[in-house]
Peer 1: 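Below is one structure. I have some questions about it.
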Amino acid sequence: MRIPEAEQQEILKGGQSRVRNQIQWAKFYLASAGYIDSSKRGIWNLTEKGLSADTLTFDALGILKKSIRAIKRKRNKRTGETPDWGSSGGRN
């Protein structure tokens, strides 16, 4: 992925690689949005939605925002809380 060696060596406070942490979060959000699936531990596959996605027009930021909103809705539904963000779905 052409990530500079210096960036690959960065470590977070908890001792984990910053790059690995970001990759894990990306996988989480892509799975939440239905683009990838991990039916076997450690094995990630593109779903039909992922296979049909146009990589030239893929809106990663939009997918991230939708995933966060969906996760918040699920959590709020489970806990009975009401969202504390405006109609745009942005964060406070």
Side-chain angles (χ1 to χ4, degrees):
M1 292 179 53
R2 298 186 186 131
I3 300 170
E5 188 67 31
E7 253 186 81
Q8 292 181 44
Q9 300 303 320
E10 287 182 40
I11 303 296
L12 298 173
K13 289 179 186 177
Q16 182 183 26
S17 159
R18 187 178 71 79
V19 172
R20 282 187 182 268
N21 179 269
Q22 289 178 329
I23 291 169
Q24 288 171 341
W25 277 110
K27 290 189 301 189
F28 173 79
Y29 289 120
L30 287 169
S32 295
Y35 287 91
I36 61 175
D37 175 47
S38 177
S39 52
K40 288 185 179 180
R41 182 180 165 96
I43 307 291
W44 293 87
N45 296 304
L46 287 170
T47 62
E48 288 298 321
K49 185 177 182 178
L51 287 168
S52 64
D54 181 357
T55 57
L56 296 177
T57 60
F58 192 76
D59 180 17
L61 183 57
I63 290 167
L64 171 67
K65 288 178 180 181
K66 285 180 187 176
S67 292
I68 290 171
R69 284 193 302 264
I71 291 164
K72 283 183 177 183
R73 276 193 303 273
K74 274 186 187 176
R75 183 190 65 216
N76 291 338
K77 198 177 214 182
R78 189 177 63 243
T79 63
E81 296 175 15
T82 56
D84 60 353
W85 31 266
S87 61
S88 68
R91 298 174 73 178
N92 282 347

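What's counted below: heavy atoms across the whole structure, side chains too, no hydrogens, waters or symmetry copies.
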Peer 1: Test Arg73 against Arg69 for side chain to side chain contact (heavy atoms under 4.5 Å, CB included), laying out the working first.
Peer 2: CA-CA 6 Å; Arg73 276 193 303 273; Arg69 284 193 302 264; 3.7 Å; yes
Peer 1: To the closest 0.5 Å, what do you measure between CG (Asp37) and CG (Asn45)?
Peer 2: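 Those atoms lie 6.5 Å apart.
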Peer 1: Over all heavy atoms of both residues, which pair between Thr47 and Ile36 is shortest? Give the atoms and the distance, please.
Peer 2: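 Closest heavy-atom pair between Thr47 and Ile36: CG2-C, 3.7 Å.
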Peer 1: List in chain and number order the residues that pass side chain to side chain contact (heavy atoms under 4.5 Å, CB included) with Ser38, two or more places apart in sequence or in another chain; answer none if no residue qualifies.
Peer 2: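 Result, side chain to side chain contact (heavy atoms under 4.5 Å, CB included) vs Ser38: Trp44.
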Peer 1: List, one per line, each side-chain donor-acceptor pair under 3.5 Å for residues 27-34, sequence neighbours excluded.
Peer 2:
| residue | atom | partner | partner atom | Å |
| --- | --- | --- | --- | --- |
| Ser32 | OG | Phe28 | O | 2.9 |

Peer 1: Once rounded to the nearest 0.5 Å, what's the spacing between atom CD of Gln16 and atom CD of Gln22?
Peer 2: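 One finds 10.0 Å between CD of Gln16 and CD of Gln22.
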Peer 1: In terms of hydrophobic clustering (I, L, V, M, F, W, Y; side-chain heavy atoms under 4.5 Å; direct or indirect links), are Leu46 and Ile63 co-clustered?
Peer 2: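 Same cluster: Leu46 reaches Ile63 through Ile, Leu, Val, Met, Phe, Trp or Tyr contacts under 4.5 Å.
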Peer 1: Starting at NZ of Lys65, measure out to CD1 of Ile68 and round the result to the nearest 0.5 Å.
Peer 2: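 Nearest 0.5 Å value for the NZ-CD1 distance: 9.0 Å.
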Peer 1: Other members of the hydrophobic cluster containing Leu12, with the 4.5 Å side-chain heavy-atom rule, please.
Peer 2: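 Once heavy-atom contacts under 4.5 Å are chained together, Leu12 still belongs with nothing else.
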Peer 1: Find the distance between CD (Glu7) and CD (Glu5) and round it off to the nearest 0.5 Å.
Peer 2: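 One finds 11.0 Å between CD of Glu7 and CD of Glu5.
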Peer 1: Rounded to the nearest 0.5 Å, how far does CZ of Arg18 lie from CD of Gln8?
Peer 2: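 Going from the CD atom of Gln8 to the CZ atom of Arg18 covers 10.5 Å.
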Peer 1: To the nearest 0.5 Å, tell me how far Asp54 CG sits from Asp59 CG.
Peer 2: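 The CG atom of Asp59 is 12.0 Å from CG of Asp54, to the nearest 0.5 Å.
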Peer 1: Examine Phe58 and Leu51 and state if one hydrophobic cluster contains both, with Ile, Leu, Val, Met, Phe, Trp and Tyr joined whenever side-chain heavy atoms are less than 4.5 Å apart.
Peer 2: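 Yes, same cluster.
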Peer 1: Provide the closest heavy-atom pair for Ile11 versus Ser17 in the form atom of the first, atom of the second, distance.
Peer 2: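 Here Ile11 and Ser17 meet closest at CD1-CA, 4.1 Å.
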